Amino acid sequence: MNVLVVNAGSSSLKYQLFDMEKREVMARGVCERIGLDGKIKHVIPSRREFVVEKTMDDHADAVQAVIDLLLGEETGVLRSLGDIAAVGHRVVHGGETFAGSVCINDDVLTAVEDCVHLAPLHNPPSLVGIRACARVMDGVKQVAVFDTAFHQTMPPVAYIYALPYDYYERLHVRRYGFHGTSHRYVSERAAKILGGDPKKLKIITCHLGNGSSIAAVKGGQSVDTSMGFTPLEGVPMGTRSGTVDPAILSFLAKEENLSLSDVTDVLNQNSGMLGISGVSSDFRDLEDATANGNERAELALSMFAYAVKKHVGMYAAVLNGVDALVFTAGVGENNAGMRRRIAGELTYMGLEMDEVKNSDPGPGEQDISTAGSRGRILLIPTNEELLIALDTAEIVRKNA
Ligand code: ADP
């Protein structure tokens, strides 16, 4: 069975075609500048990479272009459209309606539309992507996989904000959490690596990239996570502030003569690593600047590590112990220095990092804790697309 995974953005569309038997990517790529001049990067792993200049008026045009590439003589990996069994879509917000992946029908589309006000930047492109695929690939099953779904198992103590309860009931203001597909993927992989009864495992997953979130996973279920009503809450990120005293918003609005929406933009786009350092939102640039003696770049990195470490401590308390601490995503997978800052001194909770393994872990999934460490420190490359493909294949098999 072949499954196409689609991640639609406002002017882009990323895709990966999986051979589910081999669990291999047959082709992947990204359509960029949809509605503008248009460019497609199309990759057939270990074979070739193509860059195609192609005007795409809308997402349906982009989907058609992807199909044409997948079937093309030189660029193709399929014989006919019928070789695609289903399409799995990444959808950011499923609200409280979706606690798992679902086969898309009209009711699902309406429910995703109802979540648009919760994710006004992210859900509309997903809907456009789903409709574009339905149009171009008439009759091919479509599945939605939500970033929020994994965190729907959080208990009310973790997801209710201490606001008038009416705001939760009437406006659905609550913690939703994000990066759920990644937290689920790496916690499931960690459970496999650890062995034993997965229902008994206590795992803390750190998805550290441009956007970062930490999750507490008990017996395979998310019980708390650092991102909240939006992906702005939690640890400071590339350009996002993370948690700040909420009173700062109205203070800044007044002092700087900004609207609340302007201040929120500052918190989303000009804060975090970029705001603190004044150098860059990219952790590699900050490492370089720190090596050259830039003190604010060092402060940004220290603050990030400090915030992540505080969450690890909080979640160890929530879980009453920890069997594994997992690092994933761009920073978590590649930045040994950051892993050391976060987990170099966690022996009090039974986690001892092996500095040699941490410095040079090698490719793929790695255990970077010492042999004597009571709990494991694991490095697990995330693979959200694979999990979307696996969910899609399972739902299609069940509905066959
Ligand atoms: P996104 O949230 O956009 O998916 P990523 O997970 O790709 O972000 O993470 C981006 C961050 O990861 C950047 O700050 C970058 O510095 C860092 N990063 C990515 N690759 C590497 C690498 N090979 N070495 C060090 N840092 C890396």
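Bear in mind that the values here come from a model prediction, so they are computed numbers and not experimental data. For ligands, and for the atoms within them, numbers begin at 1 and follow the listed sequence.
The closest approach between Val331 and ligand 1 falls below 4.0 Å for a heavy atom of the residue.
The nearest protein atom to atom 14 (O) of ligand 1, hydrogens excluded, is given as Phe283 N, 3.0 Å; this is a heavy-atom distance. From the protein, the heavy atom lying nearest to atom 26 (N) of ligand 1 is Arg284 CG, 3.5 Å. Distance from atom 22 (C) of ligand 1 to its nearest protein heavy atom, with residue and atom name: Asn334 CB, 3.2 Å. For atom 1 (P) of ligand 1, the closest non-hydrogen atom of the protein is Asn210 CB, 3.7 Å.
Ionic pairing of Arg341 and Glu298 is present here: one or more N-O contacts between side-chain nitrogen and carboxylate oxygen are shorter than 4.0 angstrom. Between Glu233 and Arg175, at least one side-chain nitrogen of the basic residue sits less than 4.0 Å from a carboxylate oxygen of the acidic one, meeting the salt-bridge criterion. A salt bridge links Arg284 with Asp282; the closest basic N to acidic carboxylate O contact falls under 4.0 Å. In summary, Lys357 and Asp367 do not engage in a salt bridge, as defined by a charged side-chain N under 4.0 Å from a carboxylate O. Residues Glu365 and Arg376 are not paired through a salt bridge, judged by the lack of any N-O separation under 4.0 Å between the basic side chain and the carboxylate.
Within the 4.0 Å cut-off (strictly below), a protein heavy atom is located near atom 16 (O) of ligand 1.
Residue nearest to atom 7 (O) of ligand 1, selected from Gly330, Ser182, Gly211, Ala329: Gly330 (by heavy-atom distance).
A distance of 10.0 Å separates OG of Ser281 from CE of Met273, quoted to the nearest 0.5 Å.
Residue-level proximity to ligand 1 for Asp282 is carried by backbone and side chain together, each with a heavy atom below 4.0 angstrom.
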